[in-house]
2 protein chains.
Amino acid sequence: MTRDPHGPDSGRSAVRRPASIKDVAAAARVSPTTVSHVLSGNRPVNEQTAARVRSVVNRLGYVPASLARSLQAGSTSVIGLMIPDISNTFFAELAKGAEDAAHDLGYGVILCNTEFDAEREDRYLGMIRSRFIDGMVYASGSPPSRRRLEALMGRFPIALADEEVDGLEGALIATADHEAGGRLVGEHLRELGHRRALMVTGPRELKSGVARAGGFVKAFQGHVTERVGDFKEHSGYRLVSELLAAGDPDFTAVFAANDLMAFGALTALREAGLSVPGDVSVVGFDDIRAASLAHPSLTTVHQPAYDVGRTATAQLLQYVSRGEVPPASRHTLPVELKVRASTAPPAR
Amino acid sequence: MTRDPHGPDSGRSAVRRPASIKDVAAAARVSPTTVSHVLSGNRPVNEQTAARVRSVVNRLGYVPASLARSLQAGSTSVIGLMIPDISNTFFAELAKGAEDAAHDLGYGVILCNTEFDAEREDRYLGMIRSRFIDGMVYASGSPPSRRRLEALMGRFPIALADEEVDGLEGALIATADHEAGGRLVGEHLRELGHRRALMVTGPRELKSGVARAGGFVKAFQGHVTERVGDFKEHSGYRLVSELLAAGDPDFTAVFAANDLMAFGALTALREAGLSVPGDVSVVGFDDIRAASLAHPSLTTVHQPAYDVGRTATAQLLQYVSRGEVPPASRHTLPVELKVRASTAPPAR
DNA sequence: GTAGAGATGCAAAACGCTTTGCACAACGGG
DNA sequence: CCCGTTGTGCAAAGCGTTTTGCATCTCTAC
């Protein structure tokens, strides 16, 4: 702890003690009670007295310590938002929706970016146990934290946003209609005349990916080759390349379970000398920013990430603000097919 | 809103009062003081007594109320991060850096997404005045809030991240080396053999954009046509289209002050039947996700958004943790030219 | 003239923790 | 035998609010 030898107010000066309600009360020659009443309007105060108090408040630049207020009130008006990666546009959009909803109701949002790091998730889960936050919007996490989450679920206000893994029932959950998205893609490709498609799915454990594939297969009603990817760009590239290298690909269209893998597929097709959509059509899922900027622009399913975040948060807060733990309920949000330049009728 | 008819403890049940330090003390037949000492290790406690206390703590599931602790300590270990739009990948990256740095030092981050809305900015600025947060990382805001910010700057710990507007001196600031970025682009295009370029700048008020253009013009040492854009995709499209429509464009390369405008330029060139980089080279700035995914992939300057956020936050916390207001200091972070497929020697 | 009703403001408790000062016992060294 | 030390634990103050419950005082109405 070094002591700095500067002047009393230069550079790295220490913050001086801010005025408290007592200071205001003393200066205005009233009791703290009265100051509180003037400021909150909770009880009537003589206008002349009130004016005096207000003037002192201004002169001293008094701002009530929200910490003390929260302690007294038993709630902080802040919630947590647990997501794996804020730099992923999907979660960024979701975060924006959550922040908007929270702001509307006068709540703040603590950003809990976890990278699926269990230690980090634990620390943030701790914030709810220590009641520093009034609730938590939880958008997927690592298996260990999910177990701990289950223990908390009944006792603290928690909402699931786009939760994709099994096991967490009995919760408030908002999610996109993944199955409908897959169905839309299936119908679109079928209408264009495609009869043989390659479906690049996500990992089997993630419900959302499974739902997308399910919807697609049902609606497409044609021959579907399935390959399991991992939602990363490279896996889309690799899987398509392999099939192409094996010769005589048995598909005229590719449906990747997310945009990133679709881009990988795009690259693989291009490298094989195939044109998109001339020779093969490609469809993604998510509608990330790059989907519309890429060339050819990507036909994809728009996920309402913003709405998912907003809905989960708004629903949660409805209960939090009443000091209740939310009951189980599911909110499915509509998706939308964005037809762009990467799909066309098959070559023939 | 469906109601589920399960047992007495399902659905919208109220949260019951959690155990306090007093409850633990009573159950362990010691004083609250002793419980506190056991948990904090602040003073030695008889091991037998300590064991008894710990067992009660477990049995009751006691977690100290961080609110009360903060009130007592006079700080919350939470800071704010004020940004205009979390769904913008630049700010999302910055936020990630800020969150990482904060986490390392045991701090939490409140997401203050403002959309440049003055009312919203004010509310978040209020959090620092009411001492709910220990400090604020501020990454640009609307003019009104900036005035208010100046008033706060001396009294509260605030750091500027990539601040782009004039007037806020005397602060702790972390920013990318915009001028060097412009210079790198100038050198790159010159080395390729270009002698006539179009520079699409950002609004004059934003220092960063001006610095980018300045560095470019100085290093390019050729003929530069300047046009003022607004950092949005459409303005890049419009400005290039106009020039092209006027006939005989006096440039073989386009440098847009950000990637979005570069994409607009790309579209305009394509529509005019010009190939990139065959006929015209295009360079952007930022290195957003889409830059590498687009076709052709975009040559651009990588901005260390993550590092800007991380540095600003780490620097700020260094002072916050000691209860000091940070002194003025500037941290300039290096940028990097990413040469991709959108640049090549001029046609000739 | 008096009871009831408003207006006005204060004291004190409560929120849940940490910290400081003190009390008491046991013990070893001189 | 006394003093200083070490171990152990508690009481009380303090952090800065809000929220009762009361105590005055002044009207108004009967």
Side-chain angles (χ1 to χ4, degrees), chain A residues 15-54 56-57 60-77 126-134 323, chain B residues 15-54 56-57 60-77 126-134 323:
Chain A
V15 186
R16 69 164 196 285
R17 189 179 75 77
S20 83
I21 198 172
K22 282 184 195 167
D23 301 327
V24 174
R29 320 200 124 263
V30 295
S31 76
T33 307
T34 303
V35 176
S36 174
H37 287 330
V38 169
L39 262 34
S40 72
N42 246 343
R43 272 196 192 178
V45 173
N46 179 292
E47 182 46 40
Q48 200 170 327
T49 314
R52 185 153 35 96
V53 168
R54 273 190 285 265
V56 171
V57 164
L60 266 47
Y62 168 69
V63 178
S66 45
L67 221 50
R69 199 200 293 261
S70 293
L71 176 61
Q72 149 74 30
S75 68
T76 58
S77 288
M127 299 190 93
I128 199 172
R129 310 192 68 211
S130 73
R131 282 147 289 150
F132 191 85
I133 54 180
D134 291 351
Chain B
V15 186
R16 71 165 195 282
R17 188 179 76 77
S20 82
I21 197 171
K22 280 185 197 167
D23 301 328
V24 175
R29 318 200 123 263
V30 295
S31 74
T33 308
T34 302
V35 177
S36 174
H37 288 329
V38 168
L39 262 33
S40 71
N42 246 343
R43 274 196 191 178
V45 173
N46 180 291
E47 180 46 41
Q48 199 171 328
T49 316
R52 186 154 34 97
V53 169
R54 274 190 284 267
V56 171
V57 164
L60 266 47
Y62 168 69
V63 178
S66 46
L67 220 50
R69 201 200 291 263
S70 294
L71 177 61
Q72 150 75 28
S75 69
T76 58
S77 288
M127 299 191 93
I128 200 172
R129 309 193 70 211
S130 72
R131 283 147 289 150
F132 191 85
I133 56 181
D134 291 351

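Numbered from 1 within each chain, the chains take letters A, B, ... in sequence-line order.
- In this structure, CG of L67(B) is placed 13 Å from P of dT18(C), rounded to the nearest angstrom.
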Report, one line per pair, each donor and acceptor closer than 3.5 Å where one atom sits in a side chain of residues 41-50 of chain A; sequence neighbours left out.
unit_1: N46(A); atom_1: OD1; unit_2: Q48(A); atom_2: N; d: 2.7
unit_1: N46(A); atom_1: OD1; unit_2: T49(A); atom_2: N; d: 3.3
unit_1: E47(A); atom_1: OE2; unit_2: R54(A); atom_2: NH2; d: 3.0

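- I21(A) contributes atom CD1, which lies 5.0 Å from atom OG of S36(A) (distance to the nearest 0.5 angstrom).
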Side chains of residues 62-70 of chain A: which donor-acceptor partners sit under 3.5 Å, not counting sequence neighbours?
unit_1: S66(A); atom_1: OG; unit_2: S130(B); atom_2: O; d: 3.3
unit_1: S66(A); atom_1: OG; unit_2: S130(B); atom_2: OG; d: 2.9
unit_1: S70(A); atom_1: OG; unit_2: S66(A); atom_2: O; d: 2.9
unit_1: S70(A); atom_1: OG; unit_2: S75(A); atom_2: O; d: 3.4

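- Closest heavy-atom contact between A27(B) and V56(B): CB-CG1, 3.7 Å.
- Along DNA chain C, the nucleotide nearest A68(A) and the nucleotide nearest N46(A) are compared for position; the residue whose nucleotide lies closer to the 5' end is N46(A).
- Shown here for R131(A) and P18(B), the closest heavy-atom pair between the two residues is NH1-CG, 3.3 Å.
- Of all heavy-atom pairs spanning A25(A) and P32(A), the tightest one is CB-N, 3.5 Å.
- Here T49(A) lies in heavy-atom contact (under 4.0 Å) with sugar-phosphate atoms only.
- Note on the helix from dG1(C)-dC30(D) to dG30(C)-dC1(D): angle between the axes of the first and last five pairs equals 60°, rounded to 10 degrees.
- Near DNA chain D, defined here as any heavy-atom distance below 4.0 Å, the residues from residues 32-44 of chain A are T33(A), S36(A), H37(A), N42(A), R43(A), listed numerically.
- Residues I133(A) and T76(A) share a closest heavy-atom pair of CA-OG1, 3.8 Å.
- Across the protein-nucleic acid pair, R29(A) atom CZ and dC10(C) atom C1' stand 15 Å apart, rounded to whole Å.
- dA7(C) atom P lies 17 Å from atom CD of Q48(A), rounded to whole Å.
- Applying the salt bridge (Lys or Arg N to Asp or Glu O under 4.0 Å) test to pairs two or more places apart or on separate chains, those with a residue in residues 23-32 of chain A are R17(A)-D23(A).
- First and last contacts of DNA chain D with chain B, using any nucleotide atom under 4.0 Å from a protein heavy atom and ordered 5' to 3', fall at dT8(D) to dG16(D).
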